[in-house]
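Just below is one structure, and these are the notes that go with it.
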Amino acid sequence: MTKIRIFITIATIALLSSVAAGKVKTNPMPEVGLTDYYDYLAKADQGDVQAARIIGNCYLTGKGIDKDAKQAWKWYAKAAGKGDLEARYRVACLYRDGIGVKKNEAEAAYWFGKAASNGHALALLNLADCYANGRGIQKDQRIASENYWRAADRGVAEAAYIIGLRLRDGIGITQNLPMALKFFRQAAEFGYEDAAEMATLLELEGVKLPEKTKVKKSSPSPASGNNAKASGKNPVKKAKSGKTVAKKGASKAHHSSGKSSKKGSKKSKK
């Protein structure tokens, strides 16, 4: 009877957690000081990439200047076009959510890939979500698992929880219960919802943490390189329908990046 109860509990939580795993929640707003807009506007107009991204932060959050999502996108695009990692991630988020620019999942996947290729932890999480659910890119569970793992290795609690589920169930990766337990425990340390319960259920089944701290992954090498590559594959190229759109959008962002926002400087708060 006890085993039946445990099985039912596992099945119920697995169902709920698999639904939750389809939604990427981790997307913190940038931190902005009230004086940042005035401090960085002149630098941004002179081509300072970091300053341009900070101006984008100001417009997105409404700190130091009136909130304006379109202006935020323009300044982020300016910085992203010149290689700023955080700006690339922010451009992707705006495309994903349709904030300040028309919603475009192919563009979001492209820019998440650009940021993820240089190790941006939250971009890795979101790129994995794109692959797992076929958002703006061809669905590929193997690459999704690789990128969830990479994000988890960089301390993203949500990614640790999701890769724990995938290791437990063998989704896009070889089933490995001890490693699943390890990642559930990792997510639980950061207070991620349901992670402690999932770890406890595995332990009730007799699963123990892996003996060695460093365990080689059975999956191929993770995403690396330029041009938003994931495991040596360009995520945009994989999506035939998204390829053209992504390239157009990339050039659009790059083109927008060459324009200074005169309108923005006029709107500054007195």
Side-chain angles (χ1 to χ4, degrees), residues 21-27 53 56 59-60 69-151 156 158-159 162 166 171-172 220 222-259:
K23 300 176 182 178
V24 173
K25 301 178 230 178
T26 311
N27 182 28
R53 186 233 307 153
Y59 276 115
L60 185 65
K70 288 183 179 180
Q71 286 295 323
W73 183 86
K74 286 181 180 179
W75 282 102
Y76 282 142
K78 185 174 184 177
K82 293 182 180 179
D84 186 90
L85 191 61
E86 182 65 20
R88 287 178 171 180
Y89 169 70
R90 293 292 167 188
V91 165
C93 289
L94 294 183
Y95 270 123
R96 179 196 63 194
D97 301 330
I99 298 174
V101 68
K102 187 177 180 180
K103 184 174 181 176
N104 189 321
E105 291 186 334
E107 279 293 340
Y110 175 83
W111 285 104
F112 280 135
K114 294 287 279 185
S117 67
N118 287 298
H120 192 290
L122 295 182
L124 284 163
L125 171 66
N126 281 274
L127 182 62
D129 179 68
C130 291
Y131 274 114
N133 297 285
R135 293 190 179 123
I137 208 164
Q138 185 175 324
K139 187 182 287 188
D140 191 317
Q141 299 299 345
R142 179 182 63 83
I143 297 179
S145 288
E146 290 171 8
N147 283 288
Y148 281 128
W149 191 307
R150 292 188 70 205
V156 181
E158 184 174 356
I162 295 173
R166 288 173 162 257
I171 300 173
S224 60
N226 299 319
N227 260 343
K229 291 183 180 179
S231 301
K233 296 183 181 180
N234 190 323
V236 176
K237 285 186 178 180
K238 290 198 66 157
K240 293 182 180 179
S241 60
K243 180 179 178 183
T244 305
V245 179
K247 284 190 174 180
K248 284 182 180 178
S251 61
K252 177 183 175 184
H254 183 70
H255 179 69
S256 298
S257 69
K259 300 178 182 179

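Note that these values count all heavy atoms, side chains included, but never hydrogens, waters or copies made by symmetry. Treat the numbers as computed from the prediction; the structure is a model and nothing was measured.
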(request) Go through Arg96 and Phe112 one step at a time and tell me if the side chain to side chain contact (heavy atoms under 4.5 Å, CB included) criterion holds. (result) CA-CA 10 Å; Arg96 179 196 63 194; Phe112 280 135; 4.0 Å; yes
Calculate, to the nearest 0.5 Å, the distance between atoms [atom1] and [atom2] belonging to [X] and [Y] respectively.
X      : Y      : atom1 : atom2 : value
Leu85  : Ser117 : CG    : OG    : 8.0 Å
Leu127 : Ile143 : CG    : CD1   : 8.5 Å
Trp73  : Ile99  : CH2   : CD1   : 14.0 Å
Leu124 : Asn118 : CG    : CG    : 10.0 Å
Arg142 : Asn147 : CZ    : CG    : 10.0 Å

(request) Would you sort out whether Leu60 and Tyr76 count as a side chain to side chain contact (heavy atoms under 4.5 Å, CB included), showing the intermediate values? (result) CA-CA 10 Å; Leu60 185 65; Tyr76 282 142; 3.6 Å; yes
Determine the minimum heavy-atom distance between [X] and [Y], stating which atoms define it.
X      : Y      : value
Ala79  : Ala87  : CB-CB, 3.5 Å
Asn133 : Lys139 : C-CE, 3.9 Å
Val91  : Ala77  : CG2-N, 3.7 Å
Val101 : Leu94  : CG1-O, 3.8 Å
Tyr95  : Lys102 : CD2-O, 3.7 Å
Ala92  : Trp111 : CB-CB, 3.6 Å

(message) Could you work out, with side chain to side chain contact (heavy atoms under 4.5 Å, CB included) as the rule, every residue matching Ala132, not counting sequence neighbours?
(response)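 Gln141, Ala144, Tyr148, Arg166.
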(request) Using side chain to side chain contact (heavy atoms under 4.5 Å, CB included) as the criterion, list what pairs up with Glu86, not counting sequence neighbours. (result)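 With sequence neighbours excluded, Glu86 shows a side chain to side chain contact (heavy atoms under 4.5 Å, CB included) to Arg53, Asp84, Tyr89, Arg90, His120, given in chain and number order.
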